[in-house]
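None of these values were measured; they are calculated from a predicted model.
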Amino acid sequence: MSFSGTVKEELATQISSGRHCQLAELAALLHFCGSTCEDGRHLCLDTENEAVARKCFTLFKKTFNIDNVVMKGKRRLLPDEESETKVIQALHLAGKAGEPITLAAPVNSLVIKNSCCARAYLRGAFICIGSMSDPEKSYHLEFVCDGESQAEQLRDIIQEFRIEAKVIKRKKYDVVYLKEGAGIVDLLNVMGAHVSLMNLENLRIVKEMRNSINRRVNCETANISKTVTAASKQIEDILLIRDKYGFENLPENLRQMAEIRLEYPDAALKELGGYLEPAVGKSGVNHRLRRLSEIADGIRS
């Protein structure tokens with residue numbers, strides 16, 4: 001199973017203890033996986049996602065004591081008009097009796113006025129329209145909404161928890177997305193996917209350690225390459241001076257430096273300074289080698 005599927009399975013098993021939170025999650029399930037029939041005046045659950053269907057029925061039972069549904073083709077309908085009226089009124093799906101049900105609109109703010117209800121609503125939304133990439137490859141979580149107003153409301157709810165989320169248009173859909181690993185971890189925590197959160201954190205730690213080691217190795221490799229290149233140039237300059245100019249014509253400090261560098265071609269600057277009499281620091285060695293380079297350049301020109 002994909003990481004996204006694992007998150008949904010974990011969220012599908014969670015049922016809030018408070019009725020208000022149960023209603024908030026049920027609202028999300030109906031808004032994002034429900035539909036209307038008969039001129040938009042009756043609720044239908046039109047989904048092939050069994051996890052969504054199971055959770056819907058569980059919440060119907062707990063919040064309204066509705067323990068059966070009517071199958072009409074692939075659609076599931078509430079058993080009677082009285083049950084449907086209770087659901088519509090509790091979730092504020094229509095303004096007045098007889099008005100069309102508004103599943104395509106944002107959820108009524110009364111349903112998610114509490115922080116705990118907003119968490120439950122996000123949980124239901126992810127089960128219906130959420131997805132997440134494999135964190136081994138990249139960090140990306142998104143909700144694919146049918147309408148702009150729903151997407152903007154989802155984004156605003158997420159941002160109320162101080163998590164950065166953005167909306168982008170993708171063909172006919174409006175997509176709410178997160179691309180930062182820390183933000184995705186925070187959102188999993190908000191929705192209650194704590195096991196998935198720990199798995200993601202473990203993957204993030206391993207990935208960060210691997211990246212850190214790679215950066216360090218690359219940096220050390222670059223430094224070694226730079227050191228080897230510089231040493232080769234220094235030896236080339238010193239050999240030119242020896243053959244074309246003669247060490248005997250150099251000042252004593254430069255002659256000694258030239259001889260030590262030829263004797264220890266792989267030594268670092270600090271190590272070379274320890275071989276000199278008297279010993280000098282890294283900056284002193286660098287200064288003398290630069291003087292030798294200038295003399296070599298003068299010979300070449």
Side-chain angles (χ1 to χ4, degrees), residues 1-33 49 51-52 54-56 58-59 62-63 91-92 106-136 138-145 147-168 174-205 207-208:
M1 183 183 293
S2 68
F3 193 90
S4 185
T6 302
V7 174
K8 290 188 178 186
E9 284 291 324
E10 181 181 359
L11 295 179
T13 61
Q14 295 191 26
I15 304 294
S16 300
S17 57
R19 185 175 187 271
H20 45 91
C21 294
Q22 294 171 5
L23 290 173
E25 186 166 3
L26 183 58
L29 297 174
L30 291 175
H31 269 272
F32 295 115
C33 283
N49 189 324
V52 172
R54 285 196 306 270
K55 191 150 200 185
C56 251
T58 301
L59 293 173
K62 286 183 173 294
T63 54
L91 301 182
H92 303 279
V107 68
N108 191 293
S109 59
L110 293 174
V111 178
I112 52 172
K113 63 180 180 179
N114 299 322
S115 175
C116 55
C117 297
R119 292 171 183 268
Y121 182 80
L122 290 173
R123 182 163 59 244
F126 187 83
I127 293 172
C128 290
I129 59 170
S131 65
M132 183 176 168
S133 63
D134 181 355
E136 287 273 15
S138 63
Y139 300 128
H140 184 87
L141 184 150
E142 66 180 31
F143 300 82
V144 181
C145 304
E148 182 179 358
S149 58
Q150 284 186 335
E152 290 178 346
Q153 184 185 47
L154 258 180
R155 177 200 60 199
D156 293 343
I157 294 171
I158 293 171
Q159 289 183 342
E160 286 177 6
F161 293 97
R162 298 183 179 180
I163 301 171
E164 184 179 359
K166 297 180 180 179
V167 177
I168 189 174
D174 292 273
V175 180
V176 183
Y177 70 94
L178 291 77
K179 292 190 74 68
E180 294 295 329
I184 293 173
V185 166
D186 290 342
L187 184 58
L188 291 177
N189 183 49
V190 165
M191 295 189 297
H194 301 301
V195 175
S196 298
L197 182 156
M198 293 303 298
N199 292 335
L200 175 58
E201 282 286 52
N202 289 337
L203 289 172
R204 286 183 70 209
I205 290 170
K207 194 172 182 179
E208 285 298 319

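- Distance check, rounded to the nearest 0.5 Å: CD1 of I129 to NE2 of H31 gives 11.5 Å.
- Put simply, the side chain of R155 never gets that close to the backbone of K166: no donor and acceptor are under 3.5 Å apart.
- L178 places none of its side-chain heavy atoms less than 4.5 Å from the side chain of D186.
- Of the inter-residue distances, the one linking D134 atom CG with L203 atom CG reads 8.0 Å to the nearest 0.5 angstrom.
- A donor-acceptor pair under 3.5 Å links the side-chain atoms of S133 to the main chain of S138, judged by distance alone.
- A donor-acceptor pair under 3.5 Å links the side-chain atoms of K55 to the main chain of L11, judged by distance alone.
- Of all heavy-atom pairs between S131 and S4, the closest is CA-OG, 3.3 Å.
- Nearest heavy-atom pair, V111 versus A27, reported as atom, atom and distance to 0.1 Å: CG1-CB, 3.9 Å.
- A donor-acceptor pair is defined here as one N or O able to donate and one able to accept, closer than 3.5 Å; no such pair exists between the side chain of K62 and the backbone of S16.
- When side chains are defined from C-beta on, L187 does not count as touching F126, because their heavy atoms never get closer than 4.5 Å.
- Interatomic distance, CG of L26 versus OG1 of T58, reported as 10.5 Å (0.5 Å rounding).
- At a threshold of 4.5 Å between non-hydrogen side-chain atoms, the residues L200 and F3 count as touching.
- Within 6.0 Å of the CD atom in E180, the count of heavy atoms belonging to other residues, nucleotides or ligands does not exceed 12.
- When side chains are defined from C-beta on, V175 does not count as touching C145, because their heavy atoms never get closer than 4.5 Å.
- Smallest separation of non-hydrogen atoms from V144 and E142: CG2-OE2, 3.6 Å.
- If you take CG on N108 and CG on L23, they are separated by 12.0 Å, rounding to the nearest 0.5 Å.
- For the pair K8 and I127, the tightest heavy-atom approach, listed with the atom from each and the gap, is NZ-O, 3.6 Å.
- Side-chain contact between F143 and C128 is absent, with no heavy-atom pair separated by less than 4.5 Å.
- Shown here for V176 and A151, the closest heavy-atom pair between the two residues is CG2-O, 3.2 Å.
- Residue L197 forms a side chain to side chain contact (heavy atoms under 4.5 Å, CB included) with just one option from V190, I184, L188, and that option is L188.
- Counting non-hydrogen atoms of other residues, nucleotides and ligands closer than 6.0 Å to CD of Q159 gives a total above 12.
- Screening Q22, H20, E25 for a side chain to side chain contact (heavy atoms under 4.5 Å, CB included) with C117, the sole residue that qualifies is H20.
- Between the side chain of E148 and the main chain of D174, no donor-acceptor pair closer than 3.5 Å is present.
- Atom CD1 of I157 is separated from atom OG of S115 by 11.0 Å, given to the nearest 0.5 angstrom.
- Note: N114 CG to C21 SG = 7.0 Å, rounded to the nearest 0.5 Å.
- The shortest side-chain heavy-atom distance between S109 and K113 does not fall under the 4.5 Å cut-off.
- Heavy-atom minimum distance, I163 versus G183: CG2-O, 3.6 Å.
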